[in-house]
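Notes to accompany the following structure.
A, B, ... follow the sequence lines: proteins, then strands. Residue 1 opens every chain. Computed over heavy atoms, backbone and side chain alike; hydrogens, waters and symmetry mates excluded.
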There are 2 protein chains.
Amino acid sequence: MKQKVTLKQIAKELDVSISTVSKALKDSVEISLDTRQKVKAFAKLYNYKPNNIALSLKNRKTKTIGVIIPEIVHHFFTTVIGGVEKVANEKGYNVIICSSNNSFDKEVINLEMLASGSADGFILSVAKETQLKKDYHHIEETMNQGMPVVLFDRIIDEIVCDKVIIDDAKGAQAATNHLLSIGCRKVAILTTVDYISVGKLRTNGYLRALRAYDIQEEEELILKIEDVDNCEAEISEFLRNKDIDAVFAVNELFAVTAAKVLNEQGKKIPDDISIIGFTDGILSKHFIPSLTTISQHGEDMGIRAAKLLIDKLEGDDTVSEEYRTVIIDTSLIQRQSTKKTKR
Amino acid sequence: MKQKVTLKQIAKELDVSISTVSKALKDSVEISLDTRQKVKAFAKLYNYKPNNIALSLKNRKTKTIGVIIPEIVHHFFTTVIGGVEKVANEKGYNVIICSSNNSFDKEVINLEMLASGSADGFILSVAKETQLKKDYHHIEETMNQGMPVVLFDRIIDEIVCDKVIIDDAKGAQAATNHLLSIGCRKVAILTTVDYISVGKLRTNGYLRALRAYDIQEEEELILKIEDVDNCEAEISEFLRNKDIDAVFAVNELFAVTAAKVLNEQGKKIPDDISIIGFTDGILSKHFIPSLTTISQHGEDMGIRAAKLLIDKLEGDDTVSEEYRTVIIDTSLIQRQSTKKTKR
DNA sequence: TTTCCACACGCAAACGTTTGCGTTACCTAC
DNA sequence: GTAGGTAACGCAAACGTTTGCGTGTGGAAA
């Protein structure tokens with residue numbers, strides 16, 4: 001089990017100095033052609049690869065991007081990562097992914113860990129707990145140390161930095177609008193508790209759409225779900241015998257769960273009730289009936305976020321005090337779970 | 001925008017040497033209590049964090065694990081990652097995730113990149129292209145440089161190293177067995193082309209189960225799918241008017257697609273045809289009807305893989321020439337897509 | 001007063017690179 | 001023969017740590 005070969009070893013073998021080897025490998029004219037070739041041949045033979053760690057230490061940059069997301073087992077976030085990886089790799093950056101598991105503490109730990117030398121900048125979507133706690137010191141500290149941060153999706157208004165979001169309210173309004181435009185009038189919404197920023201925004205969009213149609217909002221048509229993992233009973237209870245003709249769910253899970261319980265309650269989708277979801281995931285696509293939904297274009301978000309970050313990383317420090325917020329357009333993907341009603 | 005504070009800066013401010021600061025922070029008895037407290041107070045104030053890069057360089061280890069998977073947008077792999085992260089974090093390791101996107105080249109690039117200083121060891125599941133190409137030099141090189149590798153799921157028999165797998169053949173046999181035991185006799189299989197190791201193994205398991213029941217295998221009940229992304233038409237064609245009473249799909253996508261096309265062809269699941277899948281993902285769980293499937297226990301795989309790797313990393317080099325293969329038990333998760341037939 | 005010891009701290013090397021500049025040695029030209 | 005130039009290479013510092021060992025200072029014991 002041979003060890004990694006270093007410049008020093010090559011130097012010793014060839015009886016030249018370390019700097020000669022280094023320069024030879026970079027084709028410096030300072031070194032004779034002869035020596036250059038000898039060194040390169042030797043390096044290839046022993047499969048020399050410069051040690052990234054040493055380079056990072058010397059250059060004070062790691063060429064890697066840290067991505068921290070609330071959940072790794074989540075289709076939307078993985079598509080975002082896909083986008084990030086795409087542009088990162090193009091530009092010669094590595095990507096480190098950590099999941100906070102929606103825990104504030106783990107988010108702090110991960111961020112500090114990566115911030116102390118492992119990454120040059122961050123792309124992150126904050127944990128649920130962080131949104132609840134409103135404690136952002138770790139993010140601010142990271143930025144104070146000169147490392148750029150790009151927030152996406154679950155962002156924090158109070159923090160000034162680059163951001164990539166969708167217009168959640170607008171998307172939700174479009175979704176609700178679609179339901180209204182096909183004739184639905186009693187639209188229930190399945191949303192999250194208010195401290196989840198995107199949930200609240202989507203709820204707002206829903207309300208806005210109703211108002212635009214002069215429809216009075218009704219408390220009993222709004223369900224704010226706290227415990228996402230055990231939402232089925234709650235949704236079932238909520239939907240039972242309710243006089244509605246449509247359901248807008250702010251995420252995929254709520255949408256399919258609604259479809260499931262409505263099914264069990266003998267309702268036909270989309271004939272009796274239309275359903276529209278949010279996030280174009282694998283579930284929406286393959287469910288029967290396939291679900292009409294709002295696509296967040298996760299990959300695009302990742303691409304834009306990575307570009308913003310790399311711009312900051314490679315820009316001169318002079319222009320770096322300007323922050324941008326990119327809003328990705330959502331789009332309505334029409335499938336089988338919504339249908340024009342006859343009334 | 002202040003920079004990261006280093007030992008050197010603290011030393012200068014306090015007018016002591018760097019080593020004194022370093023030792024003071026580690027509570028060395030060499031340093032007077034007075035100085036220790038002063039240094040620590042100062043360090044806290046300026047939020048000193050040791051630079052990981054420098055530590056890595058010094059210690060010749062990074063305390064990070066590299067994970068390379070074929071696809072990041074894939075529920076099974078993300079659950080595995082979840083398991084890896086769990087034990088890695090417990091043991092103070094960082095996790096870097098890269099996806100090869102099933103491309104051989106990207107797998108090589110990622111591995112070499114991480115191998116040149118960013119990670120101490122690897123957990124990886126090889127890309128489709130790699131399995132096809134049978135070119136494993138990058139993995140062997142990495143191991144030759146003294147970095148342990150743990151292969152999981154899509155492994156390579158020719159490489160000697162730690163491995164974590166499920167008994168794919170056995171799982172497939174159990175799946176098929178279940179279909180046979182509830183009375184099905186004409187069982188079709190939707191599988192992948194043979195160069196995908198797990199696909200082939202699952203096909204073998206299917207055949208074994210048939211033989212155990214003295215059922216003649218029939219070529220026309222076996223569909224080997226190459227283009228996973230556009231499998232619907234192929235599956236629809238294959239299943240049309242076929243005299244079968246059950247379908248065994250080697251992955252989730254094939255299973256739901258089968259369910260969908262059978263639905264369209266007017267068959268009832270599970271009344272007319274039973275379906276069983278492989279991989280307990282989000283689709284199987286939420287589909288209607290929910291899908292009976294074989295669970296691979298992805299998180300367990302991740303946990304075991306991480307443990308194997310860390311054992312190697314932290315063990316003395318003397319015992320390190322022994323490699324283990326851990327086989328994770330699969331289990332049958334019975335849901336609504338399979339049902340005892342009356343015959 | 002001398003000797004010794006312990007305490008408190010600093011020096012320097014090491015990890016693997018890169019790079020500006022200094023240093024040879026040889027050659028050319030005058 | 002000497003000055004000057006140039007080709008080819010080595011030195012050393014720097015990135016931020018850690019740590020064994022050397023060193024200076026002081027006090028106490030003899």
Side-chain angles (χ1 to χ4, degrees), chain A residues 2-40 42-43 46-64 113 115-120 145-147, chain B residues 2-40 42-43 46-64 113 115-120 145-147:
Chain A
K2 51 183 173 179
Q3 277 303 307
K4 302 223 60 171
V5 49
T6 70
L7 288 185
K8 190 192 270 189
Q9 291 168 36
I10 300 184
K12 202 201 283 183
E13 293 287 327
L14 261 43
D15 208 38
V16 292
S17 80
I18 296 181
S19 21
T20 302
V21 177
S22 175
K23 285 169 185 169
L25 288 175
K26 330 204 90 168
D27 250 333
S28 161
V29 290
E30 272 190 81
I31 308 301
S32 72
L33 210 75
D34 224 45
T35 315
R36 266 188 265 170
Q37 289 174 341
K38 234 187 310 181
V39 170
K40 283 202 231 161
F42 200 89
Y46 281 84
N47 193 29
Y48 169 79
K49 294 266 160 47
N51 182 321
N52 281 337
I53 294 285
L55 287 181
S56 298
L57 185 57
K58 183 125 194 47
N59 303 331
R60 277 113 146 315
K61 60 173 82 160
T62 61
K63 277 277 185 177
T64 95
M113 179 168 222
S116 54
S118 303
D120 297 334
Q145 288 172 354
M147 318 171 90
Chain B
K2 50 182 174 180
Q3 275 305 307
K4 303 225 60 173
V5 49
T6 70
L7 287 185
K8 189 192 272 188
Q9 292 167 37
I10 300 184
K12 201 201 282 183
E13 292 288 325
L14 261 44
D15 207 39
V16 292
S17 78
I18 296 181
S19 21
T20 303
V21 178
S22 174
K23 285 170 185 167
L25 289 175
K26 329 204 92 170
D27 251 334
S28 160
V29 290
E30 271 190 83
I31 308 300
S32 72
L33 210 74
D34 226 45
T35 315
R36 266 187 266 171
Q37 289 173 341
K38 234 186 311 181
V39 170
K40 283 202 231 160
F42 200 89
Y46 281 83
N47 192 30
Y48 169 78
K49 294 266 160 49
N51 182 320
N52 281 337
I53 294 285
L55 287 181
S56 298
L57 185 57
K58 183 124 192 52
N59 302 331
R60 275 98 146 333
K61 60 174 80 162
T62 62
K63 277 272 183 183
T64 95
M113 179 168 223
S116 53
S118 303
D120 296 336
Q145 287 171 354
M147 320 175 81

Give one of base, sugar-phosphate or nothing for A:Thr6, where a contact means two heavy atoms less than 4.0 Å apart.
sugar-phosphate
Using only side-chain N and O atoms of B:Ser22, determine if any of them is under 4.0 Å from OP1 or OP2 of D:dT18.
yes
Looking only at heavy atoms, what is the nearest atom pair of B:Gln9 and B:Lys4, with distance?
NE2-O, 3.5 Å
For a side-chain contact (heavy atoms from CB on, under 4.5 Å) check, start with the C-alpha distance between A:Tyr46 and A:Ile10, then their side-chain angles and the critical distance, and finish with the verdict.
CA-CA 9 Å; A:Tyr46 281 84; A:Ile10 300 184; 5.9 Å; no
Please report how far the helix from C:dT1-D:dA30 to C:dC30-D:dG1 bends, comparing the axis fitted to its first five pairs with the axis fitted to its last five, to the nearest 10 degrees.
80°
Are B:Lys40 and B:Leu25 close enough, and set up right, to give a side-chain contact (heavy atoms from CB on, under 4.5 Å), and what steps lead you there?
CA-CA 6 Å; B:Lys40 283 202 231 160; B:Leu25 289 175; 4.1 Å; yes
Least distance between heavy atoms, A:Ile18 atom then A:Leu7 atom:
CG2-CB, 3.9 Å
Round to a whole Å and report the spacing from CG of B:Leu25 to C1' of D:dG16.
13 Å
Between P on C:dC15 and CG on B:Leu7, what's the gap in Å once rounded to a whole number?
19 Å
OP1, OP2 of C:dC15 versus side-chain N and O of B:Lys61: anything below 4.0 Å?
no
Answer yes or no: is there a donor N or O on one side and an acceptor on the other, between the side chain of A:Thr64 and the main chain of A:Ser118, under 3.5 Å?
yes
Hey, is NZ on A:Lys61 packed in by over 12 heavy atoms from elsewhere, all under 6.0 Å?
no
For A:Asn52, give me all partners under side chain to side chain donor-acceptor pair (under 3.5 Å), at least two apart in sequence or on another chain.
B:Ser116
Which nucleotide sits closest to the side chain of B:Lys26: D:dT18, C:dT19, D:dG16?
D:dT18
Once you round it to whole Å, what is the distance between P of D:dT19 and CG of B:Leu55?
10 Å
Spell out yes or no: do the side chain of B:Lys23 and the base of C:dG10 have one donor N/O and one acceptor N/O closer than 3.5 Å?
yes
So which one's nearest nucleotide on DNA chain D is more toward 5', A:Ala54 or A:Ser17?
A:Ser17
Given side-chain contact (heavy atoms from CB on, under 4.5 Å), test A:Leu55 with A:Lys63 step by step and report yes or no.
CA-CA 10 Å; A:Leu55 287 181; A:Lys63 277 277 185 177; over 6 Å; no
For B:Ile18 and C:dA13, give me the distance from atom CD1 to atom P, rounded to whole Å.
14 Å
Tell whether A:Thr20 reaches the base of D:dC9 with its side chain through a donor-acceptor pair below 3.5 angstrom.
no
Can you sort out which residues in residues 27-34 of chain A have a heavy atom within less than 4.0 Å of DNA chain C? Ascending by number, please.
A:Glu30
Give me the one residue out of B:Val16, B:Ile31, B:Thr6, B:Leu14 that meets side-chain contact (heavy atoms from CB on, under 4.5 Å) with B:Val21.
B:Val16
Quick check: on DNA chain D, is the nucleotide nearest A:Thr35 upstream (toward 5') of the one nearest A:Arg60, or the reverse? Name the residue that is more 5'.
A:Thr35
Between C:dT19 (P) and A:Lys58 (NZ): distance, integer Å
7 Å
Length of the CG-C1' vector between A:Asp15 and D:dC9, whole Å:
12 Å
Which heavy atom of B:Gly117 sits nearest to which heavy atom of B:Thr62, and what is that distance?
O-CG2, 3.0 Å
Please state how far atom CG in A:Asn59 lies from atom P in C:dT18, giving the value in whole angstrom units.
8 Å
Round to the nearest Å and state the distance from B:Leu57 atom CG to C:dA13 atom C1'.
13 Å
